[in-house]
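Inspection log for the structure reproduced underneath, given as structure tokens.
Atoms within each ligand, like the ligands themselves, are counted from 1 in listed order.
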Amino acid sequence: MPCLKALGGIRQMNVLVVGGAGYIGSHAVKTLVEHGHRVTVVDNLVRGHRQAVHPAATFYAIGLADTPDLVRVLRDHAIDCVMHFAALAYVGESVKEPLAYYDNNTAGTISLLKAMREAGVHRLVFSSTCATYGEPTSLPIVETTPQAPVNPYGWSKWCVERVLRDCAAADPELAFVALRYFNVAGCASDGSLGEDHDPETHLIPSLLLAALGRRGPVAIFGTDYPTPDGTCIRDYIHVEDLCEAHILAMDALQPGDTRFYNLGIGRGYSVREVIEAAKVVTGVSIPVEIGPRRPGDPPVLYADASKIQRELGWAARTRTVEPMIATAWNWFRSHPEGYGDKEPV
Ligand code: UDP
């Protein structure tokens with residue numbers, strides 16, 4: 001039976017965070033705990049870090065494909081809502097390894113949905129992506145902008161959105177919200193959690209690792225895009241703002257809901273602008289070089305996130321990229337080895 005308790009105006013829920021040892025998932029676990037929810041985490045630790053899981057959460061090293069184990073955890077912890085972050089999320093890698101992306105991101109989510117159905121869990125907050133829009137026909141991107149992904153990562157998430165719509169049509173009790181993230185950035189402002197990917201390919205952490213001298217120059221992936229300075233434009237959102245949106249979305253879910261929301265700040269930064277911001281924040285002349293385009297990169301992506309603001313009252317607190325970079329810089333400076341759990345080479 002769902003266990004919902006009124007606690008000072010908020011409903012305390014038993015939440016399963018799938019992928020709760022990863023970058024965004026671990027921040028979401030912390031936010032959920034701080035909001036008074038009881039949190040269980042499953043993560044296969046292929047890309048996540050055990051140390052990143054909040055001590056108040058119960059942890060299981062389980063993969064998405066292990067449907068019976070997921071059913072057991074959902075039942076044992078009387079889970080009310082699942083937040084699903086477990087995904088491979090590198091555009092470039094997805095172009096080279098499409099099967100891994102469809103297997104983990106699409107088939108893995110189907111396994112999770114089967115487990116939820118078997119255990120009678122009906123609420124899901126799903127991490128979708130602006131990559132489902134591909135090269136948008138108009139800007140800023142609204143939720144009704146046609147979706148036409150341009151890389152397997154985007155398609156693997158698009159497929160899940162399709163599956164979710166069909167499952168919801170077949171099961172009136174199912175309620176889901178798909179949050180289409182733009183570029184998530186920054187780290188916990190109290191310095192307790194960070195970003196530790198292997199390999200690290202994202203722009204901001206790559207710049208900060210270069211600032212620390214832990215890697216060579218960062219390549220700018222293309223300077224011949226149809227943008228003012230020739231480099232790609234993205235909408236960066238602070239990870240803590242993103243996590244707050246998950247809480248609001250979870251609280252709003254009612255049986256039969258099928259919701260889709262963009263999560264960004266509604267402002268685009270070019271690669272060159274992010275590099276300049278990183279130089280200002282770090283005070284370091286970060287080495288960069290000009291490289292070729294990366295396959296699968298749309299030139300410009302930025303959100304209109306007014307729908308979630310209107311419907312759920314969410315708004316990003318951090319509205320420029322510099323403070324996002326500053327929280328990440330705080331983490332990278334104090335954790336030059338990341339979580340320190342990598343195999344010695
Ligand atoms: N980018 C870049 N050099 C890098 C990493 C990223 O020029 O070493 C660019 C990338 O082409 C994109 C933007 O920075 O336009 C953000 O890329 P990231 O990989 O951080 O996130 P994505 O947009 O792929 O989710």
| Would you find more than 12 non-hydrogen atoms of other residues, nucleotides or ligands less than 6.0 Å from Arg294 atom CZ? | yes
| query | Step by step, would you call His84 with Ser127 a side chain to side chain donor-acceptor pair (under 3.5 Å)? | reply | CA-CA 6 Å; His84 174 29; Ser127 304; over 6 Å; no
| request: Decide salt bridge (Lys or Arg N to Asp or Glu O under 4.0 Å) for Lys30 and Glu34; before the verdict, give the C-alpha distance in whole Å, the side-chain angles of both, and the deciding distance to 0.1 Å. | output: CA-CA 6 Å; Lys30 176 175 183 284; Glu34 287 168 356; 3.0 Å; yes
| request: Taking the side chain as every heavy atom from C-beta outward, state whether Phe126 and Phe176 have any pair of such atoms under 4.5 Å apart. | output: no
| note | Connected to Phe182, directly or through other members, by ILVMFWY side-chain contacts below 4.5 Å are Tyr133, Leu139, Ile141, Ile233, Val300, Leu301, Tyr302
| said: At less than 4.0 angstrom from any atom of ligand 1, which residues have a non-hydrogen atom? List them by chain and residue number. | reply: Val91, Asn183, Thr201, His202, Leu203, Val218, Ala219, Ile220, Phe221, Cys232, Arg234, Tyr236, Val271, Arg294, Asp297
| message | Tell me whether the rings of Trp155 and Trp158 are parallel (<30°), tilted (30 to 60°) or perpendicular (>60°). | response | perpendicular
